[in-house]
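In what follows, a single structure is set out as structure tokens and then discussed.
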2 protein chains.
Amino acid sequence: MGRYGVPMQTSSTRDRIVVAASRLLQRQGYVGTGIKQIAQESQATLGSIYHFFPGGKEAVAVAAIEHGAEEFAALLRTALEGHDDPAEAVAACSRRLAEELGASGWTDGCPVTAAALETLGTDSQIQRACAAALRGWEELVADKLLRGGLSARDAREVAVTVMAALEGAEVTAQVSRSAEPLHATGRQLARLVRSYGIPPRG
Amino acid sequence: MGRYGVPMQTSSTRDRIVVAASRLLQRQGYVGTGIKQIAQESQATLGSIYHFFPGGKEAVAVAAIEHGAEEFAALLRTALEGHDDPAEAVAACSRRLAEELGASGWTDGCPVTAAALETLGTDSQIQRACAAALRGWEELVADKLLRGGLSARDAREVAVTVMAALEGAEVTAQVSRSAEPLHATGRQLARLVRSYGIPPRG
DNA sequence: TCCTCGCTAAAACGATCGCTCTATCCAGTG
DNA sequence: CACTGGATAGAGCGATCGTTTTAGCGAGGA
């Protein structure tokens with residue numbers, strides 16, 4: 001809450017730090033992003049960052065990853081809710097991802113993959129935050145498939161596959177600077193979902 | 001060639017550098033891996049590294065990524081060749097990946113993903129090496145699908161999906177420290193391939 | 001024997017890393 | 001008004017980064 005008791009239009013310093021760190025992390029990874037760069041990009045100073053995040057760089061990264069994970073989940077939710085047919089819903093996810101990725105110039109992909117891969121050996125909080133994000137996304141897809149008529153067992157296994165394929169397709173799209181991998185994967189995932197049969201909607 | 005004119009059992013210095021760099025890159029990414037760490041791990045010195053790779057860290061990384069990409073391609077090739085049915089062949093790939101990943105303690109995943117994500121914004125040679133690796137792997141899968149009876153168009157699109165899903169599933173498996181994402185994805189990819197119908201084998 | 005040259009060895013450079021520290025600012029309270 | 005405490009500002013710490021530089025090693029040719 002900002003001054004005058006109303007929500008501030010320009011975010012609070014803490015929010016600016018989290019948002020800037022989130023964007024930088026998904027573009028350059030954890031080790032590739034410096035605290036001073038976060039300070040510069042968020043119009044904050046080192047003092048402010050260490051004031052709000054006494055845990056240092058890792059604490060900033062955890063908050064940033066949680067923020068990015070929620071943004072990504074919101075994108076998935078709206079794409080999934082736009083269609084009753086789960087197969088079309090899954091395809092819509094890949095289309096939305098392709099739009100966002102292309103609009104960012106192929107730089108802003110999955111907000112956790114890069115950070116997750118860099119901190120694999122460690123037992124850092126970053127690891128846990130990334131794992132939690134993945135589980136949450138899978139659950140969103142699994143719920144949609146469940147409501148679409150798949151069994152609990154099938155829904156979970158297909159959801160794991162869908163999220164894995166979307167992540168991989170996004171990386172492929174970034175590397176090849178083309179939306180085609182995401183579109184192709186979306187079509188094939190829709191076909192996979194359809195292969196489980198869609199009960200007629202009452 | 002080593003001394004006595006016979007191939008050396010312990011590789012040449014240059015090979016040791018490439019192999020060590022490849023393993024470090026896939027575990028810690030590009031920025032997370034230091035030249036001095038590569039020197040220590042490969043039992044070489046800075047002088048040797050800069051002698052064989054005047055291009056510095058980036059040149060070492062390119063050679064290391066090409067090495068890792070070929071290793072990965074070899075794994076895919078043997079897994080694909082083990083089965084006539086392309087659906088079973090794809091499932092075999094995910095099983096082999098799960099074996100290797102588990103044996104490494106969930107640390108040695110795809111040898112290019114981490115490095116690729118870190119160098120996205122740049123126009124470095126690393127980018128190009130990663131893109132080439134992905135294309136090569138896709139081609140291996142596409143060839144198998146073609147020989148399995150899929151049309152050229154279907155084979156390419158399914159191959160893109162298979163490689164994306166395998167990469168994503170490997171990341172998921174690493175983060176969750178479990179082989180299950182790879183196994184589930186393998187089963188679903190086999191189902192997807194089977195949905196294109198298998199012509200009876202003569 | 002001497003010289004060459006591919007290769008190894010390590011000291012040292014400037015830059016940047018994450019982080020600590022002290023100083024200052026400013027709205028709220030008595 | 002003085003005082004307090006959250007928030008900001010930035011200089012500076014030791015460490016490490018990628019790289020350069022210079023010196024030394026040892027096998028092969030003249």
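Naming: A, B, ... by sequence-line order, numbering from 1 per chain.
- Seen from the ring of Y50(B), K57(B) does not count as a face-on cation partner, given the 6.0 Å and 45° thresholds.
- One interatomic measurement links the two molecules: CD of Q28(A) to P of dC17(C), which rounds to 10 Å at whole-angstrom precision.
- A cation-pi contact, defined as under 6.0 Å to the ring centre and within 45° of the axis, is absent between R77(B) and F72(B).
- E118(B) contributes a side-chain N or O that, together with a main-chain N or O of Y30(B), makes up a donor-acceptor pair within less than 3.5 Å.
- In this structure, I35(B) places its CD1 atom 18 Å from P of dC17(C), rounding to the nearest Å.
- Rounding to whole angstrom units, CD of residue Q40(B) and P of dA10(C) are separated by 13 Å.
- Put simply, H51(A) has a side-chain N or O that comes within less than 4.0 Å of OP1 or OP2 on dA7(D).
- Of the candidate nucleotides dT8(C), dC19(C), dT20(D), dT20(D) has the atom lying nearest to any side-chain atom of Y50(B).
- dC19(C) atom C1' lies 13 Å from atom CD1 of I38(A), rounded to whole Å.
- At least one side-chain heavy atom of L166(A) sits less than 4.5 Å from a side-chain heavy atom of V162(A).
- Of the candidates dG12(D), dA11(C), dG18(D), dA11(C) carries the atom nearest the L46(B) side chain, counting heavy atoms from C-beta on.
- dA7(D) atom C1' lies 15 Å from atom CG of D15(A), rounded to whole Å.
- The CD1-P distance, from I49(B) to dA10(C), rounds to 13 Å in whole Å.
- Between E41(B) and R23(B) there is a side-chain heavy-atom pair separated by less than 4.5 Å.
- Near DNA chain C, meaning a heavy atom under 4.0 Å from it, residues 55-62 of chain A has G56(A), K57(A) in order of number.
- In this structure, S48(B) does not reach the dC7(C) phosphate: none of its side-chain N or O atoms is under 4.0 Å from OP1 or OP2.
- Among the protein residues, F52(B) comes within range of the sugar-phosphate backbone only, with heavy atoms under 4.0 Å from sugar or phosphate atoms but none that close to a base.
- Nucleotide dT8(D) holds its P atom 12 Å from the CZ atom of R14(A), rounded to whole Å.
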Start with the C-alpha distance between Q125(A) and E58(A), add both sets of side-chain angles, then the distance that settles side-chain hydrogen bond (donor to acceptor under 3.5 Å, both in side chains), and finish with yes or no. CA-CA 8 Å; Q125(A) 300 269 31; E58(A) 180 168 332; 5.8 Å; no
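- Set against dT8(C), dA11(C), dC17(D), the side chain of K36(B) has dC17(D) as its closest nucleotide.
- Put simply, T13(B) has no side-chain N or O that comes within less than 4.0 Å of OP1 or OP2 on dC7(C).
- Closest approach of Q174(A) to C110(A), counting heavy atoms only: OE1-N, 4.5 Å.
- Atom P of nucleotide dA9(C) and atom CD1 of I17(B) are separated by 11 Å, given to the nearest angstrom.
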